[in-house]
Amino acid sequence: MRLYDTLARETKEITPIDGAIYGFYCCGPTVYGPAHIGNFRTFVVQDVFRRTLELGGTPTKHVRNLTDVDDKTIRDSQAAGQTLKEFTGQWTKKFHHDCHALNCLPPDIEPSAVEHIPQQVMMIEELIKKGHAYAADDGSVYFRISSYPEYGQLSHLDERELDLGKTQSQRANDSDEYEKDSVADFVLWKVRRDEDGENYWQSPWGEGRPGWHLECSAMIREYLGANFDLHSGGEDLVFPHHENEIAQSKCSCGGDFAAHWFHITHLLVEGKKMSKSLGNFFRLDDLIEKGAKPNEVRVALIGAHYRKQLNFTLDSLHAASEALDKLLKAERALAKLAGVDEAPSYEELIGLEDKGLFENAWIGLNEDLNTQRAIGAMFGALRRSQNESNPLAQWKGLHFMLQALGIQLPEVVEEVQEEAPEVIKALAAQRWDARSNKEWAKSDELRDQLKELGWLVKDGSGDYSLEKI
RNA sequence: GGCGGAGUGGCCAAGUGGUCUAAGGCGCGGGUUUGCAAAAUCUGUAUUCGCGGGUUCGAAUCCCGCCUCCGCCUCCA
């Protein structure tokens, strides 16, 4: 498939380095609270990407880390009166729960920063030995940017004027200040401070904890090696996080690091950056509370190309919900036409050759992961599929695309249709009698009454059904 | 201030030189169906792509200028 590469600044055809399997690293969440839908745009897009690679026939080794030690996790765990492990454990669990609800495939490996302290310490030692890092008097260790002339290639630092003066004055009043040779140098190891409490580890430079950027480099090295295929994250990570990763990794273990960089643009909510003060800050649970299903949220999150600022609104969520409904109903109709019922599994669809009319949708996904184009093509294919001679092939093609997008089927998603209570049933029966006797006024009144009680009556020919609203 | 992205119908959003009098979804209008609704289904819905110039046989797509919006600029996906 073709994918835009942040480093090369162009769309490139991707192929696995070893010719067999894609090494795919994603910067995971900092587990200090429930993730918001902005986080999930990134994770859902990464999931669609992974599914596209795998369904296309090439397996992936998907590694996504958990940041379970940093300023925020330490600060908030102490505020909550919990140990760091208890605190991050609880939010890790919540993250997994939300990912599952959104139908994201779990990564093959999900390493945590706390569990890889020795690897990080070892990396720092190497960097010091090679002259790329230095220990400050207070016991913190910094990466020396001047030792790596290529620094800044990903974010094109040479083309930018960083307002370092401003940053420096801000930092002067910041308790976070450490002693550095140059303001641009970034921290690899942070010396223990009082507010860290019991959250510190031993190192050759004394007690402290690793810097944030280092964990990814260390875990990538451990699980994917010095050369791997794809590195992904939110657009905000380009600088400095990924820039620093490149510096640390290339200077310590050599190699080319990531062959391809894949960044997901942040979403907007109601046209603005999501923030608590604007009241447009949504977590998955906030949307579920508003009646949305995770499946619908997922569709809304892939409703625009990943390199555009998707404008998420409650309207767009409603649109996604209606569109999803239409897709799934069409799936049932096509299944009936094809005389099949049990949907093929993800594994069964891997490498499917004949996608029927859905070939176009698949092409869309393979052109820089154009999800919106793919969805549009699916509707087009559905319309024409009615007249096709081979409904089974169309049905399979549809399922192939549903799996690629990670759209769940209703039997998985929808709770069992709730049985109406006797009172409701009695009222409905009463209404049916009135209707049969052409007592329209009475019939309509009862229908309104049922609606107020939360039940929708649908008349068929000679029968009716009840549906909970 | 620097870097990057974007402005397409009421809303969301594809399309980046001819098949575009611009995909698809939502919404809205109409038909079929219905006692009326709901549901279902069919159907209509931008001669026009922020504004002004230019290049070209031909531009939403390329160039120039302007306006507006958004993001990033040291630990936020």
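Sequence lines set the chain letters: A, B, ... in the order given, protein chains first and strands last, and positions in each chain run from 1.
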What is the nucleic acid contact for [X], judged by heavy atoms within less than 4.0 Å: base, sugar-phosphate only, or nothing?
{"X": "A/L237", "value": "sugar-phosphate"}
{"X": "A/F186", "value": "nothing"}
{"X": "A/D236", "value": "base"}
{"X": "A/R431", "value": "base"}
{"X": "A/G233", "value": "sugar-phosphate"}
{"X": "A/T313", "value": "nothing"}
{"X": "A/V238", "value": "nothing"}
{"X": "A/R447", "value": "base"}

Should the pair [X] and [Y] be assigned to parallel (<30°), tilted (30 to 60°) or perpendicular (>60°) ring geometry?
{"X": "A/F143", "Y": "A/H132", "answer": "parallel"}
{"X": "A/F228", "Y": "A/H231", "answer": "tilted"}
{"X": "A/H62", "Y": "A/F24", "answer": "parallel"}

For A/R209, which of A/D70, A/D196, A/D68 qualifies under salt bridge (charged side-chain N to carboxylate O under 4.0 Å, His left out)?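 Single pass found, and it is A/D196.
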Polar pairs (N or O, both sides) under 3.5 Å between protein and nucleotides 26-34 of chain B?
| unit_1 | atom_1 | unit_2 | atom_2 | d |
| --- | --- | --- | --- | --- |
| B/C26 | OP2 | A/K326 | NZ | 3.4 |

Can you tell me if [X] touches the phosphate of [N], counting only side-chain N or O atoms and a distance under 4.0 Å to OP1 or OP2?
{"X": "A/K308", "N": "B/A14", "result": "yes"}
{"X": "A/K273", "N": "B/C72", "result": "yes"}
{"X": "A/R383", "N": "B/G24", "result": "yes"}
{"X": "A/K72", "N": "B/C75", "result": "no"}

Taking pairing as Watson-Crick or G-U wobble with both contacts under 3.5 Å, can you name the mate of [N], or confirm there isn't one?
{"N": "B/G4", "answer": "B/C70"}
{"N": "B/U19", "answer": "none"}
{"N": "B/C28", "answer": "B/G44"}
{"N": "B/A59", "answer": "none"}
{"N": "B/C49", "answer": "none"}

What is the distance, rounded to the nearest whole Å, between atom [atom1] of [X] and atom [atom2] of [N]?
{"X": "A/L324", "N": "B/C12", "atom1": "CG", "atom2": "C1'", "result": "16 Å"}
{"X": "A/E10", "N": "B/U16", "atom1": "CD", "atom2": "P", "result": "17 Å"}
{"X": "A/L328", "N": "B/A40", "atom1": "CG", "atom2": "C1'", "result": "16 Å"}
{"X": "A/D98", "N": "B/A77", "atom1": "CG", "atom2": "C1'", "result": "14 Å"}
{"X": "A/R41", "N": "B/G71", "atom1": "CZ", "atom2": "C1'", "result": "12 Å"}
{"X": "A/L188", "N": "B/C75", "atom1": "CG", "atom2": "P", "result": "16 Å"}
{"X": "A/R373", "N": "B/G25", "atom1": "CZ", "atom2": "P", "result": "16 Å"}
{"X": "A/H305", "N": "B/G5", "atom1": "NE2", "atom2": "P", "result": "13 Å"}

For the side chain of [X], starting at C-beta, report the closest nucleotide among [options].
{"X": "A/N370", "options": "B/A14, B/A77, B/G71", "value": "B/A14"}
{"X": "A/L267", "options": "B/A77, B/C75, B/G35", "value": "B/A77"}
{"X": "A/Q309", "options": "B/G71, B/G35, B/U8", "value": "B/G71"}
{"X": "A/V187", "options": "B/G4, B/C75, B/A38", "value": "B/C75"}
{"X": "A/A304", "options": "B/G71, B/U74, B/A14", "value": "B/A14"}

Would you kindly check if the NZ (Lys) or CZ (Arg) of [X] is within the cone defined by 45 degrees around the ring axis of [Y] and under 6.0 Å from the six-membered ring centre?
{"X": "A/R447", "Y": "A/Y464", "answer": "no"}
{"X": "A/R307", "Y": "A/Y4", "answer": "yes"}
{"X": "A/K250", "Y": "A/F257", "answer": "no"}

Say you draw a straight line from CZ of A/F400 to NZ of A/K355; how long is it, rounded to the nearest 0.5 Å?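 Answer rounded to 0.5 Å: 5.0 Å.
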Taking the [atom1] atom in each of [N] and [M], what is the distance between them to the nearest angstrom?
{"N": "B/A59", "M": "B/A14", "atom1": "P", "answer": "24 Å"}
{"N": "B/A22", "M": "B/A46", "atom1": "P", "answer": "8 Å"}
{"N": "B/C64", "M": "B/U56", "atom1": "C1'", "answer": "16 Å"}
{"N": "B/G50", "M": "B/G7", "atom1": "C1'", "answer": "6 Å"}
{"N": "B/G27", "M": "B/C69", "atom1": "C1'", "answer": "24 Å"}
{"N": "B/G35", "M": "B/C20", "atom1": "P", "answer": "43 Å"}
{"N": "B/G5", "M": "B/G9", "atom1": "C1'", "answer": "23 Å"}
{"N": "B/G15", "M": "B/U74", "atom1": "P", "answer": "32 Å"}

If you go through the side-chain atoms of A/D444, does one of them form a donor-acceptor pair with the base of B/G35 closer than 3.5 Å?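 Check passes, donor-acceptor contact within cut-off.
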Judged by each residue's nearest nucleotide on RNA chain B, which is more toward the 5′ side, A/N311 or A/A441?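 It is A/N311, whose closest nucleotide lies nearer the 5' terminus.
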Regarding A/H266 and A/R41, is there a side-chain donor-to-acceptor distance under 3.5 Å anywhere?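 A/H266 vs A/R41: no donor-acceptor pair found between side chains.
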With no hydrogens and no angle check, do the side chains of A/S217 and A/Q248 hold a donor and an acceptor under 3.5 Å apart?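 Note: A/S217 and A/Q248 side chains meet the donor-acceptor criterion.
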Does the side-chain ring of A/H266 sit on the six-membered ring of the B/A77 base, less than 5.5 Å centre to centre and under 30° in tilt?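 Yes; centroid distance and tilt both under limits.
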Stacking between B/G35 and A/W440, yes or no? Criterion: centroid separation under 5.5 angstrom, plane angle under 30 degrees.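 Yes; by the centre-distance and plane-angle rule, A/W440 counts as stacking on B/G35.
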Sidechain N-carboxylate O distance under 4.0 Å for A/R50, A/D47: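 Looking at A/D47 together with A/R50, the answer is no, because their closest N to O distance does not fall below 4.0 Å.
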